[in-house]
J.: 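Please see the structure below; I have some questions.
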Amino acid sequence: MPDSKNLWGGRFKDKSDPTFAAFNNSFRFDWRLFEADVVASIAYSRALVGAGVLTGQESAAVNSALEKILTAGRDNLEYFSEASAEDVHSFVESRLVELTGDVGRKLHTGRSRNDQVATDFRLWMRQSSDDLSNQLRETQSSL
């Protein structure tokens with residue numbers, strides 16, 4: 001995978017301090033949002049067709065690639081180990097661009113990282129709450 005570019009700091013001449021770069025890199029924590037990020041991206045791809053940003057064919061290609069990315073991440077945790085991405089969103093985007101080329105970059109149109117974080121975290125929390133409820137029911141049944 002090509003080296004990840006910083007998501008900010010374009011006007012700075014020098015590289016960021018390695019300590020700050022390590023501090024700023026959230027991938028080691030937010031990779032847990034991977035599945036939610038991909039699911040949200042699939043839905044967003046469909047919305048971009050309605051907005052005229054993606055054609056139906058482009059959306060189908062993006063969604064097919066996102067499904068491949070999702071399967072790879074679900075099937076193999078090592079999929080994340082060699083990532084140089086700053087966060088889960090740039091990880092998914094870089095993998096998507098590897099599979100689709102420039103059309104993958106269109107998926108970011110009209111949404112910020114903050115939008116992605118809020119959406120992904122909400123989806124992850126909903127799923128986690130459902131999982132916890134199921135575990136509690138199973139525990140109650142066992143008792």
J.: Suppose we screen for side chain to side chain contact (heavy atoms under 4.5 Å, CB included). Which residues come up paired with Arg74, at least two apart in sequence or across chains?
T.: Glu35, Leu70
J.: My understanding is that only residues two or more places apart in sequence, or in another chain, count here; which of them pass side chain to side chain contact (heavy atoms under 4.5 Å, CB included) with Thr55?
T.: Gln57, Glu58
J.: Carefully, step by step, assess Arg122 and Met125 under the rule side-chain contact (heavy atoms from CB on, under 4.5 Å).
T.: CA-CA 5 Å; Arg122 179 178 237 166; Met125 286 297 297; 5.8 Å; no
J.: How would you list, by chain and number, every residue that makes a side chain to side chain donor-acceptor pair (under 3.5 Å) with Asp102, sequence neighbours excluded?
T.: Arg105
J.: What pairs with Arg32 under side chain to side chain contact (heavy atoms under 4.5 Å, CB included), at least two apart in sequence or on another chain?
T.: Phe29, Trp124
J.: Could you tell me which non-hydrogen atom of Thr100 sits nearest to which non-hydrogen atom of Ala65, and how far apart they are?
T.: CG2-CB, 3.5 Å
J.: To the nearest 0.5 Å, what is the distance between CG (Asp30) and CZ (Phe91)?
T.: 11.0 Å
J.: For a quick check under 3.5 Å, do Ser90 and Asp87 share a side-chain donor-acceptor pair by atom type?
T.: yes
J.: Apply side chain to side chain donor-acceptor pair (under 3.5 Å) to Gln127 and list each qualifying residue two or more places apart in sequence or on a separate chain.
T.: Asp131
J.: Quick one: CG on Leu107 to CG on Leu66, what's the gap to the nearest 0.5 Å?
T.: 6.5 Å
J.: According to the interplanar angle, ranging from 0 to 90°, do the rings of Phe34 and Tyr79 count as parallel (below 30°), tilted (30 to 60°) or perpendicular (above 60°)?
T.: perpendicular
J.: CH2 of Trp31 to CG of Leu33: how many Å apart, nearest 0.5 Å?
T.: 10.0 Å
J.: Considering only distance and modelled atom types, tabulate donor-acceptor pairs under 3.5 Å from the side chains of residues 136-143, sequence neighbours left out.
T.:
residue	atom	partner	partner atom	Å
Arg137	NH1	Asn134	OD1	2.7
Thr139	OG1	Gln135	O	2.9
Ser142	OG	Glu138	O	3.0

J.: Rounded to the nearest 0.5 Å, how far does CD of Gln116 lie from CD of Glu93?
T.: 7.5 Å
J.: Please set out all donor-acceptor pairs under 3.5 angstrom arising from side-chain atoms of residues 37-52, sequence neighbours excluded.
T.:
residue	atom	partner	partner atom	Å
Asp37	OD1	His89	ND1	2.8
Ser41	OG	Asp37	O	2.8
Ser41	OG	Arg111	NH2	3.1
Tyr44	OH	Thr109	O	2.6
Tyr44	OH	Gly110	O	3.4
Ser45	OG	Ser59	OG	2.8
Ser45	OG	Asn63	OD1	3.2

J.: Closest approach of Leu99 and Lys68, non-hydrogen atoms and distance?
T.: CD1-CB, 4.4 Å
